[in-house]
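One structure below.
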Amino acid sequence: MFSTAVIHKFDTDQKAVAFTFDDGPHPVYTPQILDIFREAGAAAKATFFMVGSQIEQYPELARTVHGEGHEIGNHTYTHPYLSKLSAEEFAEEVIRTERLIQETIGVKPLTFRPPYFDYNEQAAEWISSRGYITAGAVNGEAMDWEQPGVAHIVEKTREKLSPGSVLLFHDGFGDRSQTVEAVRTLVTELAAEGYRLVTVSDLVRMSSSVRGE
Ligand SMILES: [Zn+2]
C-alpha cells in the first residue's frame with residue numbers, strides 16, 4: 001500500500017533511478033535535457049514535474065516531452081507555498097494543472113511534487129486520495145537550483161544515490177546550465193554502471209513497498 005508519504009526512494013532490487021526535473025517546461029533547458037536522455041538510449045526516461053502556467057506558455061514542448069516517452073507530473077499551477085493556501089485553493093492548483101496536462105498530452109498525471117516540499121498532512125491526504133504518488137528526492141543537498149557548481153551537484157547526488165532513488169533537478173525558473181552539465185555527467189556515469197534511467201511511475205511499478213518520511 002502507498003501511504004500519504006513523500007517518497008524519496010522506492011524499495012527495489014533493480015538497479016534503476018528516476019531523474020526528475022521541476023518547474024518547466026522551459027524553452028532553453030528542457031530541450032537540452034531531452035537531448036541528453038535521447039543520446040543515452042531509447043530506454044532512458046525521466047519525469048518532468050511541470051508547472052501549469054508554464055505548460056500554457058509552452059504546450060508544444062510539453063507534447064514533445066510526452067512524445068519522447070517521458071513522464072509529466074503535476075507541480076501545481078502557480079508554484080505556491082501550499083501550506084499557505086486554503087484547502088479549496090490547494091485543490092484548485094492541483095485540479096487546474098491536472099486538466100491542463102490531460103488536455104495538452106491526453107494523459108492524466110499520476111505523480112505529484114509539492115513546490116518547495118511545503119506540504120501539510122491535510123494536503124498530503126487529499127492528494128493521495130486523488131490517486132497521486134508524491135515524489136520527494138534523495139539528493140536535496142545537491143541544491144541544483146542554487147547553482148552551487150557542477151561538481152557540487154554531481155558529488156552530492158552521487159553520495160545519496162542507490163537503486164530506487166528519486167533525483168531532483170530543475171529545468172525551469174532561472175539559469176539551469178549547471179544542472180544540464182551535471183545531469184549530462186551523471187547520466188553518462190550511471191548508464192556506464194548499468195543503471196536504468198526510469199520514470200517515477202516505473203519505480204512505483206518496480207517496488208513492492210516504499211520508504212518515505
Ligand atoms: Zn518547483
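Both ligands and their constituent atoms are indexed starting at 1 by order of listing. It should be emphasised that the depicted structure is a prediction, and the values quoted were computed from it without experimental measurement.
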Could you report the tightest heavy-atom contact between Tyr195 and Pro163, atom names first, then the distance?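 Here Tyr195 and Pro163 meet closest at OH-CD, 3.3 Å.
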
Nearby protein N/O/S atoms (those under 2.8 Å) for the Zn ion (ligand 1), with water ignored: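 Sorted hits: Asp23 OD1, His75 NE2, His79 NE2.
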
Intermediate values then yes/no, ring-ring contact (aromatic ring centres under 6.0 Å, His included), His79 and Phe173: CA-CA 11 Å; His79 205 274; Phe173 283 149; 5.5 Å; yes

Will you find, in the side chains of [X] and [Y], an N or O donor that is under 3.5 Å from an N or O acceptor?
{"X": "His26", "Y": "Asp171", "value": "no"}
{"X": "Lys160", "Y": "Ser165", "value": "no"}
{"X": "Ser83", "Y": "Asp118", "value": "yes"}

Could you please spell out the steps behind the side chain to side chain contact (heavy atoms under 4.5 Å, CB included) verdict for Glu71 and Lys45? CA-CA 8 Å; Glu71 178 170 6; Lys45 302 301 174 200; over 6 Å; no

